[in-house]
Structure formats: C-alpha cells, structure tokens
Amino acid sequence: MRLLRALGAALVVVTLLTLGGCATPTGVGRDTPALPRTERGRDDLIKAAQQVLVERCLARRGLSSKGAADERRENGTDDAEDRRLQGALFGRGRPELSITLATGYTVKAHTDGCLAAAQRELYGDERRWFRAQVVVNNLRAEVGLRLKDDSDYRAAQGRWAKCATPDDGPGPERPAPALAARCARESGLDEVRARLEPARLDQVRAERRHQLTTYRQLRTRALHRAADLYAERTVPENQERGSTPS
C-alpha cells in the first residue's frame with residue numbers, strides 16, 4: 001500500500017513539466033533535449049519519466065495508481081483491486097531476476113510488470129540494470145561486512161553493545177536513536193568507522209568497477225531518454241502557446 005501511495009504522490013509532486021525550469025541544454029540547437037543542472041534534479045527527472053511510463057502502461061491495462069487506493073477503500077474493494085494493481089505494477093508469479101550479494105542477501109524482481117516495462121524503456125537492458133543497481137546500492141553494506149574482519153572495529157562494536165545494553169536485561173534489538181548515537185561516540189565506534197571506511201569503500205568500488213561502469217552507462221542512457229520524454233511532452237504545448245522550450 002505504501003508503494004502504491006508513493007507512486008501516486010510522485011506523479012503529483014515530481015512531474016516532467018516542473019523540471020523544465022531548472023534545466024540546461026546538452027548541446028546546441030532547439031531540438032536538443034535539456035538536462036537538469038544538479039544530480040538531484042537528474043535523479044528526479046529519471047524518476048518522473050519512470051512514473052509517466054508506469055502510468056501509461058497501467059492505462060493500457062485499464063488501471064491507474066493515482067488516487068486509486070483511497071477510492072477503492074471508500075468503495076469497499078480495497079484488497080482485490082490492490083492485488084490486481086500490485087500485480088500489474090510489480091509482476092506476478094516467481095521473480096525472473098535474482099542476485100545474491102556478498103552480504104548474503106538475495107534480491108529478486110519480476111520482468112512482467114509495468115515497473116519493469118518502464119525500466120526497459122529507460123535503461124534499455126532491464127537485466128543489466130537490475131544487477132548493476134542492486135550491487136551499487138549495496139556497496140556500503142558490503143563495506144560494513146568487511147569492517148567486521150577488523151579487530152579494532154569488533155572491539156569498538158563490543159563497547160557500543162555494552163553501552164547500549166541496560167543493566168537489568170538484554171540489550172534492545174534497536175536502541176533509541178539518541179542512545180545509539182551517544183554510545184557510538186563514547187565507544188569510539190564513530191572514530192574507528194571514520195578511519196576504516198574510506199579505504200574499504202575504495203577497495204569495494206575497485207572490485208565492483210564493472211558494475212559501477214554499467215550503472216553509470218545505463219543511468220546516462222535513462223537520463224537522456226527521460227529528457228526526450230520531457231521534450232515530447234512540452235514541445236507540443238509550447239508550440240500551441242507560441243513559445244519555445246527553455
């Protein structure tokens with residue numbers, strides 16, 4: 001349900017039309033799509049384009065994620081319709097894509113939903129994108145796993161655990177944020193992590209350079225495809241108004 005609401009919210013808050021004012025040309029000529037100046041803006045452009053493609057796909061199936069959850073709840077058809085919408089969005093049955101990370105976690109995804117179709121449109125190769133982005137998004141988790149091999153880090157973790165454990169019982173699975181932060185300072189865990197993480201991260205990035213290269217290449221493709229979609233949506237409107245795109 002949260003994912004469905006997030007899809008609807010993204011379509012309202014981050015649309016392709018609102019991104020045009022903070023864009024810079026990628027080349028010379030009126031027909032060249034424009035790109036946002038900042039990485040945040042470029043991420044938003046890709047996300048907005050993905051949402052547009054997802055909505056187009058859902059519309060072809062007679063569905064929409066915009067405001068759908070609240071309407072169905074009011075009509076008393078929430079569960080069945082949500083299952084149908086989630087199946088259309090994320091796919092059904094056994095996931096076709098799977099990757100097991102160095103941390104031991106396995107991530108899976110479908111190829112038959114509207115989200116997968118949108119990613120194929122943007123990134124070109126859904127399978128390569130899936131594997132690359134999962135690895136890249138979990139680089140720091142892999143660094144955290146490797147830190148556990150360091151004796152200084154394990155000692156600091158032990159001091160942190162002792163600090164976060166109450167005197168009258170076992171420590172909580174997730175200490176309060178304020179307590180966790182105080183113990184991280186007092187145990188020296190923050191200092192050890194700050195000293196060890198950069199080198200470990202460089203090492204992991206070097207070992208995953210192929211996935212990083214693939215990630216950057218496919219993201220660049222998605223960025224330009226998203227800019228093309230933006231241009232397709234705005235140029236006709238601007239021509240009707242007698243103006244030119246920014």
Side-chain angles (χ1 to χ4, degrees), residues 1-14 18-19 22 36 38-48 50-51 65 67 69-70 73 78 82 86 89-90 95 98-109 115 129-208 211-212 215-216 219:
M1 289 296 296
R2 286 182 199 161
L3 289 170
L4 301 184
R5 290 174 191 151
L7 281 166
L11 284 161
V12 175
V13 178
V14 186
T18 62
L19 294 170
C22 57
T38 65
E39 285 302 305
R40 173 66 180 272
R42 294 182 179 201
D43 285 342
D44 286 346
L45 177 59
I46 293 175
K47 291 176 184 177
Q50 180 171 289
Q51 298 300 340
S65 67
D70 291 338
R73 190 178 300 108
D78 191 49
D82 272 346
Q86 288 191 42
L89 276 171
F90 305 116
S98 177
I99 181 173
T100 298
L101 298 165
T103 57
Y105 289 103
T106 297
V107 182
K108 299 181 180 182
L115 180 59
W129 171 248
F130 167 76
R131 295 183 66 84
Q133 64 96 13
V134 169
V135 170
V136 171
N137 288 343
N138 286 276
L139 291 180
R140 289 196 175 275
E142 188 171 348
V143 170
L145 180 66
R146 297 190 183 195
L147 285 176
K148 295 179 180 179
D149 294 332
D150 186 273
S151 58
D152 288 346
Y153 184 82
R154 291 198 305 272
Q157 269 201 322
R159 294 191 297 270
W160 180 91
K162 185 176 181 180
C163 172
T165 301
D167 294 335
D168 57 350
E173 183 177 346
R174 291 186 179 179
L179 175 61
R182 177 176 65 81
C183 289
R185 291 192 305 271
E186 294 179 358
S187 65
L189 184 59
D190 280 346
E191 184 276 328
V192 172
R193 185 183 288 119
R195 174 166 54 85
L196 297 177
E197 269 190 345
R200 297 295 194 283
L201 185 57
D202 287 344
Q203 181 184 35
V204 170
R205 284 174 172 163
E207 294 176 10
R208 309 299 178 205
Q211 290 93 334
L212 280 164
Y215 178 90
R216 295 187 187 106
R219 184 180 179 278

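- Here the closest non-hydrogen pair linking Ala109 and Pro95 is O-CB, 3.4 Å.
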Check: Can you check side chain to side chain contact (heavy atoms under 4.5 Å, CB included) on Phe130 and Ile99, steps first, answer last?
Finding: CA-CA 9 Å; Phe130 167 76; Ile99 181 173; 3.7 Å; yes
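- Here Lys47 contributes atom NZ and Asp43 contributes atom CG; the two are 5.5 Å apart, rounded to the nearest 0.5 Å.
- Nearest approach of Ala161 to Thr165, heavy atoms of both residues: O-OG1, 2.5 Å.
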Check: Would Ser98 and Val107 satisfy side chain to side chain contact (heavy atoms under 4.5 Å, CB included), going step by step from the backbone distance to the final call?
Finding: CA-CA 6 Å; Ser98 177; Val107 182; over 6 Å; no
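- The minimum heavy-atom distance between Leu179 and Ala164, with the atom names listed, is CD2-O, 4.0 Å.
- Between the side chain of Arg200 and the backbone N or O of Val143, no donor-acceptor pair lies under 3.5 Å.
- Rounded to the nearest 0.5 angstrom, Lys148 NZ and Arg154 CZ are separated by 11.5 Å.
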Please output the side-chain donor-acceptor pairs of residues 132-139 that fall under 3.5 Å, not counting sequence neighbours, one pair per line with the distance.
unit_1 : atom_1 : unit_2 : atom_2 : d
Gln133 : OE1    : Asn137 : ND2    : 2.9
Asn137 : ND2    : Gln133 : O      : 3.1
Asn138 : ND2    : Val134 : O      : 2.7

Next item on the list: Go through the steps to decide whether Glu186 and Lys162 satisfy the test salt bridge (Lys or Arg N to Asp or Glu O under 4.0 Å), and finish with yes or no.
Entry: CA-CA 11 Å; Glu186 294 179 358; Lys162 185 176 181 180; over 6 Å; no
Note to self: salt bridge (Lys or Arg N to Asp or Glu O under 4.0 Å) for Arg182 and Asp190? Distances and angles first, verdict last.
What the structure shows: CA-CA 10 Å; Arg182 177 176 65 81; Asp190 280 346; over 6 Å; no
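- No donor-acceptor pair under 3.5 Å is formed between the side chain of Trp160 and the backbone N or O of Ala155.
- Residues Val192 and Ala156 approach most closely at CG2-CB, 4.1 Å, considering heavy atoms.
- Between Glu197 and Arg140, some side-chain heavy-atom pair lies under the 4.5 Å cut-off.
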Next item on the list: Check step by step if salt bridge (Lys or Arg N to Asp or Glu O under 4.0 Å) holds for Arg146 and Asp149.
Entry: CA-CA 6 Å; Arg146 297 190 183 195; Asp149 294 332; over 6 Å; no
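- With a 4.5 Å cut-off on side-chain heavy atoms, Tyr153 and Leu196 count as touching.
- Salt bridge present: Glu142 and Arg208 bring a charged side-chain N and a carboxylate O closer than 4.0 Å.
- The distance from the CG atom of Asp152 to the CG atom of Leu189 is 11.5 Å, given to the nearest 0.5 Å.
- Side-chain contact between Asp44 and Arg40 is present, with heavy atoms from C-beta onward closer than 4.5 Å.
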